[in-house]
Structures are given as C-alpha cells and as structure tokens.
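Would you mind keeping the following structure in view while I ask a few things?
Sequential numbering from 1 along the given sequence is applied to the chain's residues. All values below were derived from every heavy atom in this structure, side-chain atoms included, with hydrogens, water molecules and symmetry-related copies excluded.
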Amino acid sequence: MKRAILLSAFLLSQFGTSQLLKTNGQKIVNDKGENIQLRGLGLGGWMLQEGYMLKTADFAGPQYKIKEKIAELIGEDGMNEFYKAYLKNGITKQDIDFLKKVGFNSIRLPMHYNLYTLPIEKEPKKGQNTWLEEGFKMTDDLLKWCADNKMYLILDLHAAPGGQGNDANISDNDKTKPSLWESEENQNKTIALWKKLAERYKDEPWIGGYDLINEPNINFTGKNPNGTDEMSNAPLWKLQKDITEAIRTVDKKHIIIIEGNGWGNNYNGLTPLWDNNMAFSFHKYWNYTDDATIKFALDLREKHNIPIWLGETGENSNVWFTELIQLLDKHNIGYAFWPMKKIDNIAGITNVKITPEYQKLLDYWQNGGEKPSREFARKALMQIADNYKFSNVEIKNDVIDAMFRQTNDASTKPFKNLQAPGKIFATDYDLGRIGSAYLDKDYVNLWVSDPEKRSEWNSGNQLRNDGVDIYKTKNNQYYIGKTESGEWLQYTINAKADKAYTFDINYACNNAAKIRIEDASGKQLSTVSLASTGGNENWKTVSVKGISLKKGNNKIRIYFENDGVNLNYFEVK
C-alpha cells in the first residue's frame with residue numbers, strides 16, 4: 001500500500017492536472033518549467049462575425065449591419081432565432097476534439113462584449129454593468145472542452161465596448177455611437193468586464209492568458225486613421241495598464257497579453273512594463289515569411305525580455321502557412337491561425353458550404369429586386385446555421401497537411417487513393433510542398449510587403465489552397481485552369497499490374513499546346529499535342545498509348561509546355 005501511495009504521488013508530480021502557463025524571460029512555460037509553444041487556432045466568426053465571413057462584406061461589414069439585413073427579411077424574432085442556432089452550432093465539443101486530434105494545443109477565443117454585458121446606452125442605470133449569462137456560459141463550455149483535451153484557452157476581447165478602432169468590421173464598431181476611446185463609460189465597462197472574467201477563471205489552469213484588446217487601430221494624434229503612425233499611443237497603454245491592475249486585484253496568476261496600435265503591431269511610446277507576467281502579441285498577414293518581417297517583434301522581445309506571440313495570422317496559401325510556421329518554430333514563437341469557419345473558405349481548416357438559397361439572399365441584399373419571402377429567407381438562413389455544425393463542414397486536409405506535416409517533412413503523399421485502371425481528376429494531385437507535389441508560378445499573397453504581388457494564389461478560389469488554380473464548371477465539376485508554361489502536377493497512382501496503359505486526357509484550350517508526362521525521376525514517358533478546342537470549357541479528349549507503369553505506386557507528373565491549358569481529368573485504361 002505504501003508503495004502504491006508513493007507511486008501515485010510520483011505520477012501526480014509528473015503528470016499533474018495543473019499546467020498553468022507563465023512567462024520566464026522570453027519563454028512561455030508551464031508549471032514544470034517546460035517551454036510551451038502555443039500552436040493555436042482562433043475561433044473567428046463565432047462570437048463575432050465580420051462581413052467577409054458571411055459573404056456580406058460589400059453591403060454589411062460590421063456585425064450590427066449584418067443583423068439589420070437579416071432582421072429586414074425575417075424580423076427581429078427571426079434574426080434572434082438564427083443567431084441562437086448559429087452560436088449553438090458554430091463551436092461544439094466535436095470541433096475542439098477535432099482541433100486537438102489534428103495537432104493544435106491552444107484556442108484563441110475572440111469575444112464580443114455584448115454577449116457578456118449590455119452596451120452602455122442600454123444599461124438601465126448609467127454607469128451600471130448588467131451581466132449576461134450567455135457569453136460566460138459559452139466560455140465555460142469551451143473551457144471545459146479545452147481542458148478535456150489538455151488545450152489552452154486564450155481569452156481575446158475582439159469587440160470592446162464602443163469599438164477599439166476605425167476598422168469597424170473587426171470590432172463591430174457603430175460610428176454613430178461613442179467609441180471605446182471617446183467614452184469613459186466604455187472604458188470603465190471594459191475594465192469591469194476583464195475583472196469579471198478574471199474572477200471567474202482565476203483558478204483555471206487551462207486558461208492560457210488574457211489578450212486584453214484585439215487590434216487597436218485608432219489615430220490619437222497621428223494622420224493615419226488606423227494608428228500606424230502614432231508615436232506615443234498613450235491612451236492605449238494607459239487603458240491596458242488599468243485593465244491589468246483590475247485583473248491583478250483578483251487574479252495574480254494568468255499571463256497578460258497586450259497588443260500595439262495599428263492592428264496590433266505599433267508599440268511606439270510603450271511605457272515601462274507594469275507587470276511581471278506579460279507577453280506581447282503581434283499580427284501578421286500578407287507579407288514575406290523571413291526574419292526581416294518579424295524583426296520588430298524579435299527586437300521587442302529582446303529589449304523587454306518577455307515572450308512574443310503571433311496572436312493572429314492566416315488568410316493565405318498553404319505555401320505561406322508552411323513557411324511561416326517554419327519561421328516561428330525557428331524562433332520559438334507561438335501562434336493562432338485565423339479563422340476556423342467561414343463560408344466558401346479554402347484558406348482555413350474547415351469550409352462552410354454555401355447554398356443556392358443563401359446566395360439568393362446575398363444577391364437581393366447586393367442588387368435589390370424582388371424581395372424573398374419571409375419563410376424562404378428564414379429557411380435559407382437556418383440552413384446556413386445548420387451548415388456550421390461540425391458534422392456538416394468540409395474538412396480541408398490540404399491545409400492541415402501544410403500546417404503540420406509539411407513543416408518538417410518534404411515528402412509527398414497521395415491526396416486520394418488513385419488507381420490504374422481508373423479515372424483521375426486533375427484536382428487530385430499529391431499533397432506536399434511546392435516543388436515537390438506541384439509547381440505553380442503564382443502561389444502566395446504578399447501585397448502588404450509588395451503591392452504588385454497581390455494574388456488570389458488559387459485564382460478560381462475552389463477546393464484546395466495551394467497555388468494551383470482550380471475552377472468550377474457549369475456542371476459543378478472542378479478543373480485545373482490558368483496554367484502557365486513550366487508548371488506541373490504530380491499524381492501518385494497505384495497500378496494493379498506492370499504494363500503499358502492508355503491515358504485518355506480530357507482538356508480544353510483556345511490555342512494548340514503541348515503537355516508532357518514524366519515520372520518523378522524525370523524520365524519522359526510521353527509528349528502530347530493538344531489541338532485547340534475553341535474555348536476554356538469546350539472539352540475534348542486525346543488518347544496517349546504506351547505509358548508504362550509498374551505494379552504498385554507510381555509518381556507521375558504532367559508538365560505544361562504552354563500557357564492556357566485547362567485540365568479536367570485523365571482516365572487510365
């Protein structure tokens with residue numbers, strides 16, 4: 001018995017349930033002193049919607065405007081019914097279990113304050129804080145799902161009372177009302193909300209930290225409306241210091257995460273640090289993935305000897321994801337990618353499928369015309385809410401492969417189990433890094449670093465998130481398009497026998513062209529002349545005989561020798 005008790009005590013000391021994070025110099029560590037690199041995902045679009053996530057950006061960017069559009073069609077009660085279903089389905093235990101399974105160890109929760117407390121103009125008594133159970137209950141549930149999976153939950157105030165900047169979409173800022181910076185009441189409510197959160201979660205070891213204000217973007221004294229040229233940022237540092245002091249009256253344990261102006265990256269005028277358990281957050285979008293682009297953050301870490309965390313990034317190609325994570329791993333920087341769910345999403349780990357009925361609502365909102373009936377609109381919206389369930393989203397395995405396996409593994413893997421004989425769709429090329437599984441000349445969006453390098457990478461914005469351009473036909477089938485001379489695609493094909501096969505290649509092009517077929521070693525198997533089909537979706541089939549495949553797996557590459565060849569499929573006979 002004594003031995004059993006000692007063994008139990010040893011196991012508890014080694015694998016105890018408490019894994020509370022804290023800072024240690026430039027590292028984030030757990031309570032055993034072990035370095036923790038936060039590999040996370042931000043739950044953008046759940047508590048707070050931005051127009052681009054619901055495809056309403058052209059006519060309704062901030063959430064309050066989206067709600068107005070919905071209420072216009074189905075009334076206030078119908079709008080509330082939609083949001084109830086949307087919030088219920090948006091994130092569930094299944095989602096968090098899945099994120100753990102694929103390799104994430106943390107979650108960033110972008111919170112909208114109005115799920116936790118009333119706006120100042122709706123408070124029954126001026127200066128009062130009415131607390132709403134909905135947001136706290138959602139957070140409690142999410143924390144439990146994270147704890148069950150031993151994942152850290154970082155609380156992020158994404159929409160602060162009044163809105164924290166001039167980029168209205170990201171904070172649901174209604175500019176007809178006082179902003180966070182124009183209203184002492186809004187600032188007091190922000191401080192009180194953080195104190196309330198800290199009281200509730202002060203003893204929770206799987207709370208990873210408190211991200212005080214997401215992406216402030218405001219010109220206190222400068223000319224740039226988003227605060228990128230601010231030199232002092234005095235109101236920003238004062239408010240974050242006041243929030244910290246309120247938190248520390250009830251919670252001495254959890255990490256405080258602060259963000260600079262100009263969407264999180266302008267740390268000019270930073271006052272002496274006011275807490276000994278603090279980290280800096282920076283955000284990174286649409287620029288290069290080299291040391292130079294994060295030098296300001298590395299210098300900040302070195303100067304103040306505290307950790308840095310890439311609190312938000314994403315919305316780019318798989319190539320960019322892989323290279324960025326390699327950069328962050330090199331410098332021991334944690335991260336949270338953005339977002340998890342949005343409609344017609346190729347650049348995230350899941351996609352919410354659009355419906356023809358919802359598209360009809362979008363068309364009406366955008367262009368006017370005949371107003372959809374209330375019942376039609378209600379059903380269309382409730383179907384979209386249903387599509388947000390984890391069981392209904394499309395898992396983007398190519399994005400997951402790029403974020404995890406490809407960061408340290410240069411090999412290629414089959415995207416699907418391709419058989420010979422069999423029909424092989426052009427879009428089923430292998431998983432792997434650029435230059436290993438495919439080659440495309442336009443594969444990343446770098447417009448912040450270089451305005452001439454703004455790119456959709458996948459110009460068709462369909463199916464996969466590499467540089468390969470994928471389009472949808474009129475019959476809702478996918479094909480490879482916008483090909484350029486020198487680009488290629490690799491396919492892993494499992495052949496049933498050693499023999500010579502015939503490839504029936506289904507293609508379209510406006511001008512005569514050539515492709516060649518090689519194996520992965522560079523051995524040429526065939527050169528194929530393609531006659532013009534007279535249009536990008538006028539499909540023809542050409543047969544190529546004598547392609548030798550060995551029994552088992554064969555890696556076959558199709559090279560484009562001219563621009564403008566569209567490839568639909570090839571059938572191996």
Q. Is the shortest distance from a Lys or Arg side-chain nitrogen in Asp242 or Lys238 to a carboxylate oxygen in the other one below 4.0 Å?
A. yes

Q. Taking C-beta and beyond as the side chain, do Val102 and Met403 meet within less than 4.5 Å on heavy atoms?
A.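 No, their side chains stay 4.5 Å or more apart.
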
Q) Distance-only, no hydrogens or angles: does the Asn387 side chain make a donor-acceptor pair with backbone N or O of Val352 under 3.5 Å? A)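 No, because the side chain of Asn387 does not come within donor-acceptor range (under 3.5 Å) of the backbone of Val352.
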
Q: Using the side-chain hydrogen bond (donor to acceptor under 3.5 Å, both in side chains) rule, take Asn149 and Asp97 through it: C-alpha gap first, then chi angles, then the decisive distance, then the call.
A: CA-CA 7 Å; Asn149 282 289; Asp97 292 348; 2.7 Å; yes

Q. Can a salt bridge be assigned to the pair Asp140 and Lys144 using a cut-off of 4.0 Å between side-chain N and carboxylate O?
A.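 Salt bridge absent between Asp140 and Lys144.
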
Q) Of Ile255, Leu328, Asp211, which is the lone residue that meets side-chain contact (heavy atoms from CB on, under 4.5 Å) with Trp309? A) Asp211

Q) Are any of the side-chain heavy atoms of Ile247 and Asp275 separated by less than 4.5 Å? A) no

Q. Would Asn268 and Asn233 count as a side-chain hydrogen bond (donor to acceptor under 3.5 Å, both in side chains) if you check the C-alpha gap in whole Å, the side-chain angles of each, and the deciding distance to 0.1 Å?
A. CA-CA 7 Å; Asn268 291 334; Asn233 292 306; 5.9 Å; no

(Q) What's the separation between atom CG in Asp172 and atom CD in Gln164, rounded to the nearest 0.5 Å? (A)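 Here the interatomic distance stands at 10.0 Å.
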
Q: Carefully, step by step, assess Tyr201 and Trp206 under the rule ring-ring contact (aromatic ring centres under 6.0 Å, His included).
A: CA-CA 9 Å; Tyr201 301 118; Trp206 293 106; over 10 Å; no

Q.
Using the rule given for ring-ring contact (aromatic ring centres under 6.0 Å, His included), can you reason through Phe404 versus Phe104, listing the C-alpha separation, both sets of side-chain angles and the distance that settles it, and then say yes or no?
A. CA-CA 9 Å; Phe404 292 97; Phe104 293 102; 5.0 Å; yes

Q. Less than 4.0 Å between a side-chain N and a carboxylate O, is that true for Glu133 and Arg200?
A.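 Salt bridge present between Arg200 and Glu133.
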
Q) Are side-chain N/O atoms of Gln37 and Asp329 paired as donor and acceptor at under 3.5 Å? A) yes

**Q.** Approximate separation, where rounding is to 0.5 Å, of Glu312 CD and Tyr285 OH
**A.**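 So the gap between those two atoms works out to 3.5 Å.
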
Q) Do you know which two heavy atoms are closest between Lys284 and Leu310, and how far apart they sit? A) N-CD1, 3.5 Å

Q: Please answer whether the main-chain N or O of Asn166 pairs with a side-chain N or O of Asn217 as donor and acceptor at a distance below 3.5 Å.
A: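 The answer is yes, because a donor-acceptor pair under 3.5 Å joins these two groups.
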
Q | Close side-chain approach of Leu236 to Glu230, heavy-atom, < 4.5 Å | A |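 Counting from C-beta outward, Leu236 and Glu230 never come under 4.5 Å.
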
**Q.** Tyr388 and Tyr86 aromatic ring geometry - parallel, tilted or perpendicular at 30°/60° bounds
**A.**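 Geometry flag for Tyr388 against Tyr86: tilted rings.
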
Q: Apply the test side-chain hydrogen bond (donor to acceptor under 3.5 Å, both in side chains) to residues Ser455 and Asp442: give CA-CA distance (whole Å), side-chain angles for both, the deciding distance (0.1 Å), then the verdict.
A: CA-CA 7 Å; Ser455 169; Asp442 188 16; 2.8 Å; yes

Q: Give a yes or no on whether the backbone of Gly227 and the side-chain of Asn266 come within a donor-acceptor separation of less than 3.5 Å.
A: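 Here the side-chain-to-backbone pair exists.
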
Q.
For the backbone of Asn465 and the side chain of Asp398, can you confirm whether one donor and one acceptor N or O come within less than 3.5 Å of each other?
A. yes

Q: Test the Lys67-Tyr83 pair against the cation-pi criterion, namely NZ or CZ under 6.0 angstrom from the six-membered ring centroid and within 45° of the ring axis.
A: yes

Q.
Looking only at the side chains, is there a donor atom on one of Trp365 and Thr56 sitting less than 3.5 Å from an acceptor on the other?
A. no

Q: Using a strict cut-off of less than 4.0 Å between a Lys/Arg side-chain nitrogen and an Asp/Glu carboxylate oxygen, indicate whether Lys253 and Asp203 qualify as a salt bridge.
A: yes

Q: Applying side chain to side chain donor-acceptor pair (under 3.5 Å), name anything that partners Asn276, two or more places apart in sequence or on another chain.
A: none

Q) Any ion pair linking Lys295 and Asp299 (charged N to carboxylate O, less than 4.0 Å)? A) yes

Q. Okay, side chain of Thr249, backbone of Ala246: is any donor-acceptor separation there less than 3.5 Å?
A.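 Yes: the side chain of Thr249 pairs with the backbone of Ala246.
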
Q.
Checking Lys252 now: which residues fulfil side chain to side chain donor-acceptor pair (under 3.5 Å) with it, not counting sequence neighbours?
A.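 None.
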
(Q) Ring-plane angle category for Phe337 and Phe321, please: parallel below 30°, perpendicular beyond 60°, tilted otherwise. (A) perpendicular

Q: Ignoring hydrogens and angles, tell me if any N or O in the side chain of Asn277 forms a donor-acceptor pair with the backbone of Thr23 under 3.5 Å.
A: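 Flag set: sc Asn277 to bb Thr23 pair under 3.5 Å.
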
